[in-house]
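Computed from a prediction, not measured in an experiment: that's the story for all the values here. Just so we're on the same page: letters track the sequence lines, and every chain starts at 1.
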Amino acid sequence: MRLGFTEEQDELRAGVRRLLAERAAPDRLRAATEAAEPYDTDLWKMMARDLGLHAMAIPEEYGGAGYGFREQSVVLEEMGRTLLRSPYLSTVVVAAAALLHGDDEEARARWLPRIAAGEVVATLAHAEPGVGWRAGRPRAVAVRDGAGWQVGGAKSHVVDGAEAGLLLVSAAAGQDGRDLVLLAVDPGHPGVTVTELPALDTTRRLASVTLDGVPAQAVATGERARRLLDRVLDVAVTGLACEQAGAAARALEMTVEYAKVRHQFGVPIGSFQAVQFTCADMLLHLEAARSAAYYAAAAIDRDDEDAPIAAAVAKAVCSDAGMAIAAEMVQIHGGIGYTWEHDAHLYFKRAASSAGLFGDADLYRERVATLAGV
Amino acid sequence: MRLGFTEEQDELRAGVRRLLAERAAPDRLRAATEAAEPYDTDLWKMMARDLGLHAMAIPEEYGGAGYGFREQSVVLEEMGRTLLRSPYLSTVVVAAAALLHGDDEEARARWLPRIAAGEVVATLAHAEPGVGWRAGRPRAVAVRDGAGWQVGGAKSHVVDGAEAGLLLVSAAAGQDGRDLVLLAVDPGHPGVTVTELPALDTTRRLASVTLDGVPAQAVATGERARRLLDRVLDVAVTGLACEQAGAAARALEMTVEYAKVRHQFGVPIGSFQAVQFTCADMLLHLEAARSAAYYAAAAIDRDDEDAPIAAAVAKAVCSDAGMAIAAEMVQIHGGIGYTWEHDAHLYFKRAASSAGLFGDADLYRERVATLAGV
Amino acid sequence: MTIDSGDGRLDRLRAELREWLGEHRRPSLAGMGEYDLEREVWRNPESPLHDDFQAFEQASLAARLVCPQWPAEYGGRGLGELEMAVLAEEFARAGMPRVTRGMGERLAGPAILAHGTPEQRAYFLPRVVSGQDRYCQGFSEPDAGSDLAAVTTRGVVAGDEIVITGQKIWTSRAHLADTLFLLCRTDPAAPKHKGISYVLVPMKDNGITVTSLVTMSGEDAFCQEYIDGARAPLFNVIGGLNNGWRAAMTTLGSERGAVAAVQHLEYEEEWRALVARARELGRDTDPLVRQDLAWAYCQVHVMKATGRRVLASLAAGGRPGAEASLTKLVWSEYHRRLGEIAMEIEGAEGLVRPPGEGYPLTRWQKTFLTSRAETIFAGTSEVQRRIVAERVLGLPKSS
Amino acid sequence: MTIDSGDGRLDRLRAELREWLGEHRRPSLAGMGEYDLEREVWRNPESPLHDDFQAFEQASLAARLVCPQWPAEYGGRGLGELEMAVLAEEFARAGMPRVTRGMGERLAGPAILAHGTPEQRAYFLPRVVSGQDRYCQGFSEPDAGSDLAAVTTRGVVAGDEIVITGQKIWTSRAHLADTLFLLCRTDPAAPKHKGISYVLVPMKDNGITVTSLVTMSGEDAFCQEYIDGARAPLFNVIGGLNNGWRAAMTTLGSERGAVAAVQHLEYEEEWRALVARARELGRDTDPLVRQDLAWAYCQVHVMKATGRRVLASLAAGGRPGAEASLTKLVWSEYHRRLGEIAMEIEGAEGLVRPPGEGYPLTRWQKTFLTSRAETIFAGTSEVQRRIVAERVLGLPKSS
């Protein structure tokens with residue numbers, strides 16, 4: 001497995017960075033997060049149309065360009081750098097993977113071209129209040145209804161849920177609720193209530209969803225649904241890990257820059273060994289995060305047999321690294337890093353929310369232990 | 001609760017420190033640990049006779065001086081400083097407490113005066129292979145035998161066991177082995193086999209003991225034995241915590257002294273912020289260890305209701321602090337600190353063995369959680 | 001287990017306080033923090049608690065329980081650190097906030113006591129006790145944070161006044177105050193630590209513009225002041241012109257002993273609340289959570305024990321040793337970690353804020369965020385470690 | 001998952017190695033470390049493995065698999081870092097140690113290659129490959145550890161020889177070596193980093209007294225050398241007289257790329273062994289132990305992934321980036337922590353050593369103790385962090 005980037009991938013990175021530098025610079029980010037607008041729809045369209053970021057990893061038969069997860073990982077890393085508030089991860093990475101690797105050809109043909117064209121926001125609705133992030137048995141319940149299904153329950157922490165035109169909902173089914181089913185649900189149906197949740201991290205939108213007797217189409221059922229859900233969550237945490245690595249890289253850059261110019265006691269604070277060593281440790285964390293994220297992205301891309309454990313490692317490593325780096329970013333910036341005005345708190349809160357989303361480092365270490373045969 | 005020391009206690013400390021500086025300086029310590037002699041019996045007699053350290057905490061009716069645990073804690077802290085290899089903790093602190101707070105007046109009258117006079121080594125034999133340190137249900141089994149008991153089983157990690165003239169052995173008794181009994185056993189009996197264990201830490205002697213149908217006298221039985229064993233283990237870990245605080249204090253002193261005189265890059269290494277900060281963190285650990293140990297010693301001394309939790313806190317805090325300080329002692333001393341010739345490794349190994357003896361920090365944190373009502 | 005002095009003096013004080021608190025305790029004020037009291041009640045006649053507070057304040061003044069550590073001649077009762085610790089314990093026991101005078105009591109007062117002239121002490125201190133003067137601190141500047149002696153705010157003597165121009169930052173409670181005690185450079189030619197003066201500057205209609213600084217927790221907990229020719233009588237210079245550094249050091253070092261003795265009290269309450277929260281979320285049986293909570297318990301217990309050691313030194317007439325110098329470092333780093341532990345216990349819940357305008361936070365989210373400031377303000381952890389290494393351990397100065 | 005070059009070159013090498021190893025693999029040597037091989041077999045004709053080793057060594061030499069990274073003219077086959085990583089993988093896969101030439105291969109060789117004259121390369125390198133010359137390193141001195149440029153060992157030119165007097169310390173495997181490559185000061189008047197020469201000094205009958213240094217693990221893993229007028233031809237000075245610092249830096253920096261790519265292999269084996277041990281002790285179901293083991297797995301996995309990144313850079317013709325500079329820091333601090341985790345898993349068992357004369361240790365006790373040296377030798381973690389901060393991150397130099 002190669003963990004370098006191709007020239008094409010390097011160009012993609014440069015293109016995304018250029019666009020985001022222009023359109024999602026910190027002042028725009030701040031304006032966006034404090035605005036009522038859920039995300040920058042102009043930028044969304046530019047990304048889809050001008051750079052083709054949405055179509056990238058979707059097969060050509062569904063209107064995509066047929067590249068893979070490694071290309072998406074480059075995009076996610078760049079989005080992480082600027083803390084871009086965008087439904088890209090939820091829609092183009094997670095929801096598209098659920099459709100692509102599911103069993104419903106009709107859903108694929110219906111939704112993937114729209115996702116590729118940047119015409120719809122879609123998201124996974126799996127987490128539930130009081131149920132573990134990777135729990136295999138949701139409290140939401142689905143029952144057969146003719147050719148389709150009917151689903152009821154409550155979902156939480158649905159990323160970009162309030163903007164979604166398609167929800168992919170997990171539910172228990174069958175006798176004693178032992179089966180799993182992953183369903184495509186139209187949030188426009190009257191039985192669906194989507195409520196925006198006020199998030200600690202203002203750069204990522206969350207919603208809760210309640211479902212009351214809502215008609216749905218199965219994307220996968222039974223053991224296949226279980227495997228699909230695992231795979232989709234592996235994709236989700238790997239995508240998140242790439243974002244985390246990008247955010248951490250930018251946080252370290254900003255901190256090193258500040259340590260070079262901020263003077264106290266007549267010298268730049270970056271000449272104090274304490275600051276030097278802290279920055280060196282931040283770099284250790286960052287490189288670990290990058291290695292873990294790149295490896296997992298490559299494993300997902302190739303659908304390698306160690307993709308699940310690589311994804312779990314990436315989530316654990318990048319969550320710890322992200323928190324450590326963002327925390328030291330605030331500390332080294334001193335008072336100014338504690339203000340609302342400075343961007344440090346946005347990196348800190350993003351690090352905290354990414355560390356928690358889809359389950360924390362402890363949960364994924366336990367998963368690593370299990371998958372590694374401890 | 002006062003955590004200061006009285007003038008009398010300060011004098012005691014000075015006296016013990018003087019004696020140990022003379023008789024247990026590092027070269028002597030090294031000679032002793034590498035000699036076949038299990039401990040310095042001359043010093044043992046001087047401590048008992050000239051300073052009265054053995055009689056100190058034993059009631060006057062048993063030939064003691066009637067002071068309490070705080071005085072013993074001062075002695076233990078000083079012994080910890082020099083890593084003295086001596087059966088003081090096992091005999092004068094732990095075994096004496098078991099007899100004193102047990103129910104066997106005959107055993108008290110027989111053994112306490114001999115302990116007070118420095119005439120006998122005694123120790124607790126509770127730990128067993130594969131059984132938790134604080135497990136309430138030993139595998140060793142005792143059965144009634146006329147007025148006395150008969151005991152069989154295997155004990156491990158018996159501190160100073162090979163020198164002991166009295167073993168205090170825990171065993172299961174009664175129906176289904178649900179009862180606990182704490183027994184006084186004569187190691188001279190033919191059914192007893194005591195084997196010296198080669199210890200990682202050469203400054204503390206350990207032995208294994210096997211018992212095969214050995215006659216024994218009960219010091220306590222049933223619920224009273226359970227409470228007594230808990231109390232004796234609380235005394236043991238608090239005594240150990242005082243030793244740990246003393247060893248950590250000396251380790252930090254030696255490290256700071258070295259950092260002042262060792263030059264690299266033309267300056268004392270102690271002027272490097274990295275070394276400064278490490279030493280500051282060592283002091284944080286040391287002061288925490290002292291506070292926890294002194295508090296627990298005072299609580300044990302007064303038989304306060306929070307003595308059990310204070311002892312558990314002291315064990316957890318002093319184990320972590322001791323390891324952290326000894327590890328940094330080695331690191332800051334550099335190559336020389338890694339040699340057999342230098343004393344750093346003795347402090348490091350003592351820290352490791354004390355951190356593990358009677359149970360590690362994780363075990364005592366779990367105990368803290370339980371006692372604090374989590 | 002309470003503080004035990006070994007003589008009857010503390011026991012008598014304790015008995016008196018219990019009786020007084022029994023009589024004057026106001027259930028409506030119970031459980032409030034001293035700062036909340038000040039912010040939400042003292043200045044706010046609209047507050048439903050205003051009358052209760054006024055009655056409690058009057059009773060406190062009458063009993064000389066406001067700034068009771070100050071000498072009787074200035075309105076206090078000359079309590080020592082041990083007595084102050086007993087006081088803190090008894091108020092905590094009753095669940096009542098003490099009526100404090102904020103920065104005037106904790107920070108400026110000790111400097112005035114130590115470095116003021118008899119006339120200055122007699123004038124300023126009773127006004128702090130009565131509540132007539134409310135102080136806030138103007139030490140830090142945008143380019144003088146850890147390096148406080150780098151202040152550039154200028155003070156120029158003009159007749160019997162001093163005229164001040166410059167900028168201050170990180171001022172807590174400036175909106176509640178009417179007097180800014182600040183450091184300014186009055187002799188630019190002198191070496192860095194010389195030529196600095198410590199001045200009490202009236203804030204009203206005096207060329208001082210106060211603006212809020214919003215923090216990462218969304219609160220305007222700090223202010224900055226733009227000072228343009230503010231005037232103060234020379235009488236308001238503490239410690240002598242160009243000689244303010246020593247007074248500043250007194251202010252910065254003023255909290256050690258007493259804080260060490262009682263700081264654990266609020267953390268004990270917080271710890272119990274976090275255990276309750278863990279139980280509510282069903283996380284209290286998770287072995288990892290139990291380890292974290294036990295670790296936190298150990299830390300708070302150690303703070304309590306350290307406080308006892310400090311008090312014992314004080315009771316023996318000595319000065320606290322190394323353990324007191326570490327106080328700030330210990331509690332700030334503890335609390336930062338506690339905030340992280342709380343968020344780990346909250347799990348998914350911690351990612352969602354309570355509903356409402358602005359940026360409302362749950363208790364644990366607030367702890368998580370505000371604790372990041374605690375290792376920065378009032379001497380960063382880096383400055384504290386340097387002080388410990390050089391002054392306590394005697395290591396050679398780093399260059 | 002194996003290294004994937006994207007072209008056929010590596011695949012061909014891999015196929016060749018598999019076939020060769022299939023043919024020459026000696027089960028008696030399988031599982032031995034390269035250092036154990038050298039220590040217990042190579043110099044010891046009494047060893048029951050001696051004949052097996054000799055056969056394997058001869059086969060390795062015939063296949064040019066000794067120092068295969070060196071150019072063909074000196075006996076190697078000019079393998080690049082990618083090929084070397086494949087080699088390491090395949091030997092690890094077969095469970096066979098590779099025949100290495102220790103310090104001569106890893107440390108002195110690269111300096112001779114980079115800074116030696118053609119004549120020096122042609123003379124010295126084939127003697128290393130054949131095993132005729134065995135090297136050990138004489139850089140550190142009692143007062144020149146982290147501050148290597150502070151060496152005080154003197155070298156004086158006398159005719160066509162250089163005469164050396166001084167003391168060296170922390171020399172690994174000096175007892176197995178016959179040549180000491182050392183740094184000595186040949187121009188005391190020059191600035192610190194100038195005036196140092198890099199000399200290959202014969203050890204036999206040459207005024208060099210080697211004594212053992214026993215470490216905290218009770219092993220005589222290191223030596224010190226008292227050098228009293230040892231002589232070496234000027235031909236043995238690498239990089240030119242007074243110009244040894246650059247060659248020394250080559251030696252110190254010689255391990256980065258390849259080490260980063262394969263260092264995880266031995267840690268993977270170690271991790272599996274520790275899991276097995278935890279299971280044996282019934283500790284594998286303890287959630288705290290599982291967290292620790294998973295953490296260790298993550299670290300080793302990250303090392304593997306970092307190695308892949310380094311190889312990708314090399315394959316693309318570039319130089320490895322920041323990730324390679326961190327290698328020493330990462331593995332040494334990982335391994336120190338792993339030693340602690342192992343001891344925590346061992347619990348009470350870890351406090352008791354195996355029976356036997358001297359100070360025998362279990363595998364995990366040995367790891368616990370010897371890993372303490374790994375953050376000290378070959379550049380302490382402090383020196384490494386400084387290098388990372390200043391050279392990789394570009395922070396201003398600390399004073």
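Looking at C/Arg385, neither its backbone nor its side chain comes within 4.5 Å of chain A, counting heavy atoms on both sides. Both the backbone and the side chain of C/Ala373 come within less than 4.5 Å of a heavy atom in chain A. At a 4.5 Å heavy-atom cutoff, C/Ala149 makes no contact with chain A through either its backbone or its side chain. Within the 4.5 angstrom heavy-atom criterion, no atom of A/Ala127 approaches chain C. Both the backbone and the side chain of C/Thr370 come within less than 4.5 Å of a heavy atom in chain A. With a 4.5 angstrom heavy-atom cutoff, C/Leu213 touches chain A only via side-chain atoms.
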When you look at C/Leu369 and A/Lys349, which way does the side-chain contact (heavy atoms from CB on, under 4.5 Å) test go after all the steps?
CA-CA 9 Å; C/Leu369 295 180; A/Lys349 290 167 186 170; 3.8 Å; yes
Let me see the working for A/Arg204 and C/Leu351 under side-chain contact (heavy atoms from CB on, under 4.5 Å), right down to the final yes or no.
CA-CA 10 Å; A/Arg204 190 179 330 263; C/Leu351 305 185; over 6 Å; no
Applying side-chain contact (heavy atoms from CB on, under 4.5 Å) to A/Trp340 and C/Asp220, what does each step give before you reach the verdict?
CA-CA 9 Å; A/Trp340 190 268; C/Asp220 47 355; over 6 Å; no
Verdict with reasoning, C/Ser398 to A/Phe272, per side-chain contact (heavy atoms from CB on, under 4.5 Å):
CA-CA 9 Å; C/Ser398 70; A/Phe272 291 118; 5.8 Å; no
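Listed in order of number, the residues of residues 274-293 of chain C that approach chain A to under 4.5 Å between heavy atoms are C/Leu288. Residues of residues 352-361 of chain C lying within less than 4.5 angstrom of chain A, judged on heavy atoms, are C/Val352, C/Arg353, C/Pro354, C/Pro355, C/Tyr359, C/Leu361 in numerical order. Listed by sequence position, A/Met323, A/Ala327 are the residues of residues 311-328 of chain A in contact with chain C, using a 4.5 angstrom heavy-atom cutoff.
One N or O on the side chain of A/Gln264 and one on the backbone of C/Gly145 form a donor-acceptor pair closer than 3.5 Å.
No side-chain heavy atom of C/Met216 sits under 4.5 Å from any side-chain heavy atom of A/Leu346.
To the nearest 0.5 Å, atom NE2 of residue A/His157 and atom CD of residue C/Glu349 are 6.5 Å apart. Taking CD from A/Gln331 and OG1 from C/Thr380, the interatomic distance works out to 6.5 Å, rounded to the nearest 0.5 Å. The distance from the CZ atom of C/Arg372 to the CZ atom of A/Phe348 is 4.0 Å, given to the nearest 0.5 Å. Rounding to the nearest 0.5 angstrom, the gap separating the CD atom in C/Glu374 from the OH atom in A/Tyr338 is 7.5 Å.
For the set A/Gly356, A/Gly335, A/Ser353, the entry with the most heavy-atom pairs within less than 4.5 Å of chain C is A/Gly335.
For the ring pair (Phe, Tyr, Trp, His ring centres under 6.0 Å) test, no residue two or more places apart in sequence or in another chain qualifies with A/His126.
A/Leu200 and C/Met343 get closest at one heavy-atom pair: CD2-CE, 3.5 Å.
Within a 6.0 Å radius of CD in A/Glu196, more than 12 heavy atoms belonging to other residues, nucleotides or ligands are found.
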